[in-house]
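For reference, the structure discussed in these notes is given below.
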Amino acid sequence: MTAGTHHALRAVLARDDRQEDVCLALYHPSTGEQRTTALLASVVPPADTDRAVHGNATVFGEYMLRGAERARDDGCGLMFAHSHPGASDWQPMSGPDREAEASYANLVREITGLPLVGMTLATSDEAWSARRWDIGAGTGVDCTHAENVRVIGEQLRVSWNEQMRPSPFASTKQERTVSAWGDKCQSDLVRRRILVVGAGSVGMDVIVRLAASGVQRLTVMDFDVVEEKNLDRLIGAAQRDVRLRRPKIHVANRLALASSTAERRQFEFSSRSICEPEGLSLALDHDLIFSCVDRPWPRAVLNGLAYSDLIPVIDGGIAIDTNSRGQMLNATWRSHVVRPGRPCLACNRQLDLGLVTPDRQGNLDDPSYIEGAGIAPEDDGQNVSALSASVSAGLLAQYVSFSVAPGGIGDPGPIQYSLSSHFLDHRDDAIRPHCPVEPSEAVGDLRPDLSGEHPMAEEQRQMAAAVDRRTRVLRWADNRLQALTNWIDRR
């Protein structure tokens, strides 16, 4: 949910007299490859006659029926929340809590076509817990508990179900990291499911540093194969990766495993494109995304997900200006968190929506189209490894601020650094009137679908697979050597 929805629910549930209360809200489902998320879209506050407050709170059937009918009319599911005054952390369900939710679960499903979602607010630390009631609720079939609940605002706040995702033990390898923000914050950060889209010069640096910090669930998505032109920027890639036609995700795998300090890790490396339906579905399984791509189509997909599915996207980029003699005039790099309450990538002028369709059609790889349209060729976007580090540092600084809120300050907003003047600017980009992206907030599976076939991704995957016998043998030998190195490191 957004911070605005959280505050609206809290205004009802956290009573000054410390009695329990109840409140309804509408949600849209967001269906990923392995998990389904309920996105709270709007609150349906109770009237005085909708419940009885007597230390505990009793909800009346008319309120549940009204909420379910409104959810049906809006194409939503229904969420039923209650509070535990003075409690903290993820809350177990008491017998009366379970009985109250189960008694309405089947009725709500019959009316809305979607399961009832139950939630509990612990008012002491404002932590949430959640569960979903499926078919058979109230007839001996138990509810399905959520892994976590996420609130997206100036800071990303996550409440964790310790039974499903227990707090990990911080090893001695992470002592310096933990000393920066404490055990509780470290426990939160390393349990998040983080996706890095793009394993280029910026993405690879982000991947290595997230792994070194102890992140347990890290997914890397990239379909490109390492080429010789990448070697001056793709730190960690070697000439043998070019000769063996290695996909970038194989290099990312090698570096992430070598850098990881997590005792238990679940790393995934996917050659899908975020623009393909399968890549989009995989992205929906994550709590936070790093956007390390520079093409309009993938950035448009990620831009939309930040609002439609409430998955914060940390994005950035670099531009280097040169004159006709090849001399550097300036370099600027930017970083920003894309989320509800902040301008989207189109509003902060980091995405030209007019280029999305030509990119989907492959026209941005056609020199004749680019020349006729007056578009700067992609290869004109210079970059160097010394400055790529500044971009990745900017993204990681946004990530830390958004997650840890040092000094109580979370997301700082869009930031731009100019190399020629060495000036750091907090940009004042605002949401544009009639923005086509922000209105799709929390629609989930009803999102505008920008995915489709991605011929370039398929071409790169085929190129990586179409190697001769000699190359396959050399790959196998190199992989065995790397596996032995990893085994020695773990001993």
Item to complete: Please determine which of Asn148, Asp188, Asp89 meets the side-chain hydrogen bond (donor to acceptor under 3.5 Å, both in side chains) test together with Trp160.
Response: Asp188
Practice prompt. For side chain to side chain contact (heavy atoms under 4.5 Å, CB included), just list the numbers for Val149 and Met119, CA-CA rounded to whole Å, side-chain angles, deciding distance to a tenth of an Å, and then say yes or no.
Written response: CA-CA 9 Å; Val149 177; Met119 297 188 72; 3.8 Å; yes
Worksheet item: What class does the angle between the rings of Phe269 and Phe267 fall in, given that below 30° is parallel, 30 to 60° is tilted and above 60° is perpendicular?
Response: perpendicular
Worksheet entry | Sub-4.5 Å side-chain heavy-atom contact between Arg165 and Trp90 | no
Discussion item. One thing to verify: whether Arg272 and Glu33 come together as a salt bridge, which I'm taking to mean a side-chain N less than 4.0 angstrom from a carboxylate O.
Written reply: yes
Worksheet item: Does a donor on one side chain and an acceptor on the other come within less than 3.5 Å for Thr219 and His286?
Response: yes
Fill in: Residues Arg295 and Asp359 bridged, charged N to O under 4.0 Å
yes
Worksheet item: Does the side chain of His54 pick up a donor-acceptor pair with the side chain of Thr58 at under 3.5 Å?
Response: yes
Discussion item. Tell me whether the count of non-hydrogen atoms from other residues, nucleotides or ligands lying under 6.0 Å of CZ in Arg18 goes above 12.
Written reply: no
Worksheet item: Could you state the interatomic distance from CG (Asn106) to CG (Leu116), rounded to the nearest 0.5 Å?
Response: 9.5 Å
Worksheet item: So, Asp429 and Arg334, do they make that salt bridge, N to O below 4.0 Å?
Response: yes
Worksheet entry | Between Gln19 and Asp17, a side-chain donor and acceptor under 3.5 Å | yes
Worksheet, complete the sentence: Which of Glu147, Gln266, Gln34 passes side-chain hydrogen bond (donor to acceptor under 3.5 Å, both in side chains) with Arg193? It is Glu147
Worksheet item: Given Leu310, which of Glu441, His28, Arg150 fulfils the side-chain contact (heavy atoms from CB on, under 4.5 Å) condition?
Response: Glu441
Discussion item. Side chains of Asp21 and His82: any donor to acceptor distance under 3.5 Å?
Written reply: no
Worksheet item: Less than 4.5 Å apart, any side-chain heavy atom of Arg192 and any of Gln216?
Response: no
Worksheet item: Would you say the side-chain atoms of Ser30 and Asp309 include a donor-acceptor pair closer than 3.5 Å?
Response: yes
Worksheet item: With a 4.5 Å limit on heavy-atom distance, are the side chains of Ser385 and Ser201 in contact?
Response: no
Worksheet item: Are side-chain N/O atoms of His454 and Glu276 paired as donor and acceptor at under 3.5 Å?
Response: no
